[in-house]
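Worksheet for the structure shown next.
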Amino acid sequence: MKKIRTRFAPSPTGYLHIGGARTALFNWLYTRHHGGEFILRIEDTDQQRSTDESTKAILDAMTWLGLNWDEGPYFQAQRVELHREMVQKLIKEGKAYYCTCTPEELEEKRKQALATGKKPKYDGMCRDKNLKKTSGSVVRFRSEQTGSTVVEDLIKGQIVFNNEELDDLIIERSDGYPTYNFAVVIDDALMNITHVIRGDDHVNNTPRQILMYQALGFDVPQFAHVPMILGSDKTRLSKRHGATSVMAYKEMGYLPEALVNYLVRLGWAHGDQEIFSQKDLIELFDLDAVGKSPAVFNPEKLLWLNAYYIKESSPERLREEMKSLWPAGINTDDTDFTQKVIADLQPRVKTLAELADMADFYFADEIKYEEQAAKKFLTADVSPYLKALIETILSVQNFSKKVLEEFLMNFTKEKNIKFKIIAQPLRVALTGKTVSPGIDEIMVTLGKERVYRRLQKAINYIEKQN
RNA sequence: GGUCCCAUCGUCUAGUGGUUAGGACGCCGGCCUCUCACGCCGGAAACCGGGGUUCAAGUCCCCGUGGGACUACCA
């Protein structure tokens with residue numbers, strides 16, 4: 001059996017977006033599952049819109065997601081000689097021809113056809129004129145006009161097209177560069193791509209591509225068209241629907257495995273399973289379980305998965321991931337302390353950005369109280385407890401969770417009060433907020449020194465208020 | 001307009017002729033509890049419509065309807 005070879009072929013006209021990432025992911029998983037080779041090819045034949053920055057951004061995003069490639073990146077624009085050779089071959093064989101219709105003429109005809117309710121396809125004006133190359137001329141593929149072309153799609157099943165629906169599309173522009181539909185055929189054929197897995201916005205291109213494979217005498221690869229990802233209004237996902245750039249999710253504090261896990265479940269399922277490691281996916285993924293219908297992108301579920309993976313991660317790993325996310329002015333040089341902070345917070349956040357935000361009170365030299373919180377909990381009647389606490393807390397030798405739990409329990413027992421009575425005041429004293437990790441956790445992380453200082457500050461604050 | 005694709009809870013989906021139509025996110029209620037979150041338990045919530053085929057249809061066929069894609073010297 002022939003070795004499976006797939007490719008991901010983005011055009012470098014922007015960042016890698018969610019839809020492209022899923023297409024890449026499906027290609028990658030299919031290839032890894034079957035032990036094939038995954039090729040990356042940059043389709044930059046549109047000289048106007050392609051940029052190096054985009055190429056770099058796409059590569060970065062692929063790398064971040066863990067989608068490594070075995071060959072490439074190839075650049076389509078560097079292969080134009082190859083494409084031109086193939087164009088000449090077709091012309092020589094009478095399978096392509098020069099056309100001198102101007103874009104303006106064509107546009108006019110299109111408009112007219114549409115206005116009179118006719119098909120807006122190329123009318124074949126230059127088809128049999130046997131024209132020579134001239135300035136401004138393009139090359140068109142002489143497409144079949146009769147019969148039908150069948151696409152055997154691995155996801156959609158058999159799709160039949162009447163060839164009369166197809167027109168003679170341009171394969172070489174007047175600037176000498178090949179158009180997408182031609183270059184993609186040449187490159188896929190020459191790179192021995194066996195499986196073309198791409199978005200289903202390409203299904204209508206497929207019959208004409210098949211005709212070109214045949215005209216050139218190439219083997220036709222297998223096709224698999226994956227359904228689109230839609231926004232909440234069921235139209236194609238775009239910026240209007242929120243962040244669509246893969247790297248934007250990194251910046252918002254998402255873990256790559258969360259995005260991967262989310263993306264793979266858009267259109268693919270394995271029974272009732274929701275959580276998949278990369279290893280699981282390589283083992284389980286195949287095209288036969290990919291659905292046919294489009295999926296709406298649901299940020300809430302992504303968030304849930306992200307929270308799950310944050311909880312599952314080690315604080316060490318998270319500290320690495322968070323390096324670019326801390327706000328300015330926060331000193332995370334103390335790795336031990338920083339990791340403890342992360343460990344306290346990781347079960348209660350959905351993104352790492354949220355974690356960074358929530359961690360401010362740990363790092364602050366002078367914590368500031370939320371107005372309502374201080375007003376409600378830092379009151380004269382709790383002052384005696386705080387004073388009693390600060391007197392004894394210095395005697396606690398080992399600031400561990402177990403010891404502190406015991407210490408606090410003894411303290412409340414001695415004072416004959418419920419822990420509830422001092423919990424929120426203590427929390428406000430220590431964090432400035434009414435919401436935080438457990439009192440004992442905070443105290444352990446903060447350490448004796450900081451706890452002492454914050455208690456002292458709270459006592460002073462209460463005195464000043466009265 | 002033409003061509004093509006698609007159709008199970010709000011969303012992601014399981015389901016391949018016989019199920020109380022299952023799971024997940026979100027939502028609601030409860031438990032846990034020092035707050036919050038986690039976790040656990042429970043709840044509301046779906047087969048687009050109409051015709052067939054069949055003893056039997058979410059599942060097969062046809063027609064509607066709805067949504068989407070393509071229809072470029074973009075990819």
Side-chain angles (χ1 to χ4, degrees), chain A residues 9-13 43-46 48-50 76 99 101-103 106-107 110 113-121 136-140 151 153 155-157 159-162 165-167 169-175 177-181 183-184 198-207 225 227-228 230 232-236 262 265-275 291-305 307-308 311 345-350 358 373 377 408 412 418-428 431 433-440:
Chain A
S11 67
T13 53
E43 311 231 316
D44 53 352
T45 54
D46 185 342
Q48 308 301 318
R49 301 195 304 149
S50 298
Q76 200 159 53
C99 168
C101 297
T102 66
L106 294 169
E107 187 53 40
R110 235 192 311 276
L114 230 37
T116 54
K118 295 208 179 87
K119 293 180 208 293
K121 56 182 255 189
S137 67
V138 299
V139 179
R140 285 181 185 273
V151 179
D153 195 278
I155 292 171
K156 308 261 186 195
I159 310 170
V160 182
F161 293 86
N162 279 324
E165 299 296 338
L166 280 22
D167 59 358
L169 78 167
I170 293 172
I171 58 178
E172 189 177 284
R173 292 187 275 237
S174 54
D175 66 3
Y177 279 86
T179 55
Y180 164 75
N181 275 301
V184 76
R198 64 198 348 178
D200 75 1
D201 47 338
H202 286 286
V203 282
N204 286 306
N205 288 328
T206 308
H225 288 99
M228 309 255 80
L230 310 177
S232 51
D233 59 359
K234 306 246 183 170
T235 63
R236 193 186 182 134
Y262 178 71
R265 286 284 291 105
L266 246 34
W268 177 84
H270 180 71
D272 283 341
Q273 192 172 340
E274 293 287 350
I275 303 295
K292 300 175 174 186
S293 48
V296 174
F297 185 79
N298 179 201
E300 298 288 323
K301 189 160 183 181
L302 206 208
L303 218 40
W304 171 74
L305 277 164
Y308 171 83
K311 278 194 265 299
L345 260 16
Q346 71 182 103
R348 10 180 79 84
V349 299
K350 288 182 157 56
M358 224 179 247
F377 294 110
L408 288 169
T412 51
K418 295 265 194 203
F419 184 60
K420 263 185 189 306
I421 302 293
I422 56 163
Q424 284 302 73
L426 212 40
R427 186 183 315 282
V428 175
T431 71
K433 312 175 193 195
T434 54
V435 172
S436 82
I439 302 287
D440 46 3

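Per chain, numbering begins at 1; letters A, B, ... match sequence-line order. Every heavy atom of this structure was used, including side-chain atoms; hydrogens, water molecules and symmetry mates were not. Note that the structure is predicted; figures quoted are calculated from it, not measured.
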| note | Whole-Å distance, A/L230 CG to B/rG10 P, equals 17 Å
| message | Does B/rC6 have OP1 or OP2 under 4.0 Å away from a side-chain N or O of A/K292? | response | yes
| Considering only the P atoms, how many Å lie between B/rA21 and B/rC38, rounded to the nearest integer? | 31 Å
| remark: In whole angstroms, the gap separating P of B/rG2 from NZ of A/K119 amounts to 8 Å
| Looking only at atom P, what distance separates B/rG23 and B/rC9, rounded to whole Å? | 16 Å
| task | Take the protein atom CH2 of A/W304 and the nucleotide atom C1' of B/rC12, then report the distance between them rounded to whole Å. | result | 11 Å
| request: Measure from CG on A/L266 to P on B/rU11 and round the result to the nearest Å. | output: 13 Å
| message | At under 4.0 Å between heavy atoms, how does the protein contact nucleotides 30-37 of chain B? Give one character per nucleotide, 5' to 3', with B, S or -. | response | ----BBBB
| request: Would you indicate what A/F297 reaches in the nucleic acid, counting non-hydrogen atoms under 4.0 angstrom: base, sugar-phosphate, or nothing? | output: nothing
| task | Answer with base, sugar-phosphate or nothing: what part of the nucleic acid does A/E300 contact at a heavy-atom distance below 4.0 Å? | result | sugar-phosphate
| Any side-chain N or O of A/R110 under 4.0 Å from OP1/OP2 of B/rA72? | yes
| note | The ring-ring contact (aromatic ring centres under 6.0 Å, His included) partner of A/Y262 among A/Y308, A/W268, A/W304, A/F297 is A/F297
| query | Considering Watson-Crick and G-U wobble pairs with both distances under 3.5 Å, what does B/rG18 pair with? | reply | B/rC55
| task | For B/rU3 versus B/rA44, give the span between their C1' atoms, rounded off to a whole number of Å. | result | 43 Å
| query | NA contact type, A/P294, heavy-atom cut-off 4.0 Å: base, sugar-phosphate, or nothing? | reply | sugar-phosphate
| query | How is A/T116 classified with respect to the nucleic acid when contacts are heavy atoms under 4.0 Å: base, sugar-phosphate, or nothing? | reply | nothing
| field | Under 4.0 Å protein heavy-atom contact, by nucleotide of nucleotides 14-20 of chain B - B base, S sugar-phosphate only | value | S------
| task | Starting from C1' on B/rC4, measure out to CG on A/L166 and report it in whole angstrom. | result | 11 Å
N/O contacts under 3.5 Å, protein versus nucleotides 40-47 of chain B?
none

